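The model shown is predicted, which means the values in this text are computed figures rather than measured ones. Hydrogens, waters and symmetry mates are skipped; everything else that's a heavy atom, side chains included, is used. Chain A is the first sequence line, chain B the second, and so forth, proteins listed ahead of strands; every chain is numbered from 1.
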Protein chains: 2
Amino acid sequence: MLEHHTAVDRVFHALGDPVRRALVDRLSRGPASVSELARPFDLTLAAVVQHVQVLEQSGVIRTEKVGRVRTCRLEPEGLAAAESWIAQRRSLWERRFDRLGALLDEEADHDRSAPRPAPAPKKPRRQ
Amino acid sequence: MLEHHTAVDRVFHALGDPVRRALVDRLSRGPASVSELARPFDLTLAAVVQHVQVLEQSGVIRTEKVGRVRTCRLEPEGLAAAESWIAQRRSLWERRFDRLGALLDEEADHDRSAPRPAPAPKKPRRQ
DNA sequence: GTGATGCTCAAGCATGGACTTGAGTATCCG
DNA sequence: CGGATACTCAAGTCCATGCTTGAGCATCAC
């Protein structure tokens, strides 16, 4: 069922794994080779290589091989994609929440004279 | 290998699934019952219920049952946890990047007399 | 009451994906 | 040259997770 079509799909899938998040955390402090990345984990190098591939294909990191060493570094734009996906949903919801608050305030003002007019979702009144 | 100990673990795991992200997207536009959430998907209600449970346990949504209807709404703080995890790593890396840029600039100034202090990579010369 | 709606729960299946092993290749170092 | 390092690749195992089915239970509408 999982088809990681879009960039955002791939980024969230990549960040869904705790090991990969730990790699991102490490790389946020500076570039590292694959074997440096592997060192703290109780994993084979091959396993870490696979995680690195997932991160690279998602655009969260970039790697470059020089000699026999592949150096990995964070690609901030990849992370930014996920960050702003979240931020958009959260702020959309929070704006809605604010509108509702404003609406209720306004309604409270008119309350004594106005009857309940419609069951419809009402006027936004400020965005 | 997966132990979703911390809140952040659970949130990223929850957001790792495209169906659950679609649910979050829907809920960012306003609360909905479980069957409303299920409507757009080619999934059984039971499957959607399971996704809703994962989202709720991760703190990304909150649900409330009244009568026979369970209403789901976004819990912005849950999303904020993931958002700031990302933001911290990204800004840590970007600050490092800026420092490096400044250092290289400074080094370029002294360049004729100064020796190589560190095995630094290339000079990205900031952008 | 009957029937429809909106879930809830338990069991079971099937697949994705995390991980290992084992072998191979290229690079560096002395 | 030879040995060590740093991956790379292919195969295969195994388990978590996504999903379904089928049953059960309130709640609502009539």
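- Comparing atom distances between the B:V34 side chain and each of D:dC9, C:dC7, D:dC7 picks out C:dC7 as nearest.
- Using a 4.0 Å cut-off between charged side-chain N and carboxylate O, B:E64 and B:R70 make no salt bridge.
- When the side-chain nitrogen and oxygen atoms of A:K65 are compared with OP1 and OP2 of D:dT8, one or more of them lie within a distance under 4.0 Å.
- In this structure, B:L55 atom CG and D:dT17 atom P are separated by 14 Å, rounded to whole Å.
- At whole-Å resolution of the value, CG in A:L15 and C1' in C:dG17 are 16 Å apart.
- When the C1' atom of D:dC7 is taken as reference, atom CD of A:E64 falls 16 Å away, rounded to whole Å.
- With rounding to whole Å, A:R20 atom CZ is found 16 Å from C:dG16 atom P.
- Atom NE2 in B:H51 sits about 16 Å away from atom P in C:dC7, given to the nearest Å.
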For residues 42-50 of chain A, which side-chain donor-acceptor pairs fall under 3.5 Å, sequence neighbours excluded?
| residue | atom | partner | partner atom | Å |
| --- | --- | --- | --- | --- |
| A:T44 | OG1 | A:A47 | N | 3.3 |

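- Residue-to-nucleotide proximity on DNA chain D shows that, of B:G67 and B:V54, the 5′-proximal contact is made by B:V54.
- The CG-C1' distance, from B:L45 to D:dT21, rounds to 13 Å in whole Å.
- The backbone N or O of B:S33 lies less than 3.5 Å from a partner atom in the side chain of B:E36, making a donor-acceptor pair.
- At least one donor-acceptor pair under 3.5 Å links the side chain of A:R20 to the backbone N or O of A:A14.
- The phosphate of D:dC19 (OP1 or OP2) has no side-chain N or O of B:T44 nearer than 4.0 angstrom.
- Between A:S33 and D:dA6 there is no side-chain polar atom (N or O) within less than 4.0 angstrom of OP1 or OP2.
- Side chain of B:Q53, nearest nucleotide from D:dC19, C:dC9, C:dC7: C:dC9.
- Of the candidates C:dT20, D:dC7, D:dC19, the closest approach to any side-chain atom of A:A47 belongs to C:dT20.
- Considering only side-chain atoms of B:R70, the nucleotide from C:dC19, C:dC7, D:dC7 that sits closest is C:dC7.
- Checked by atom type, the side-chain pair B:T63/B:E56 shows a donor-acceptor distance below 3.5 Å.
- In this structure, the CD atom of B:Q50 is 13 Å from the C1' atom of C:dC7, given to the nearest Å.
- Backbone-only contact: A:S35 has heavy atoms under 4.0 Å from sugar-phosphate atoms and none from a base.
- Considering only side-chain N and O atoms, B:H13 lies nowhere under 4.0 angstrom from the phosphate OP1 or OP2 of D:dA16.
- Rounding to whole angstrom units, CZ of residue A:R68 and P of C:dC29 are separated by 7 Å.
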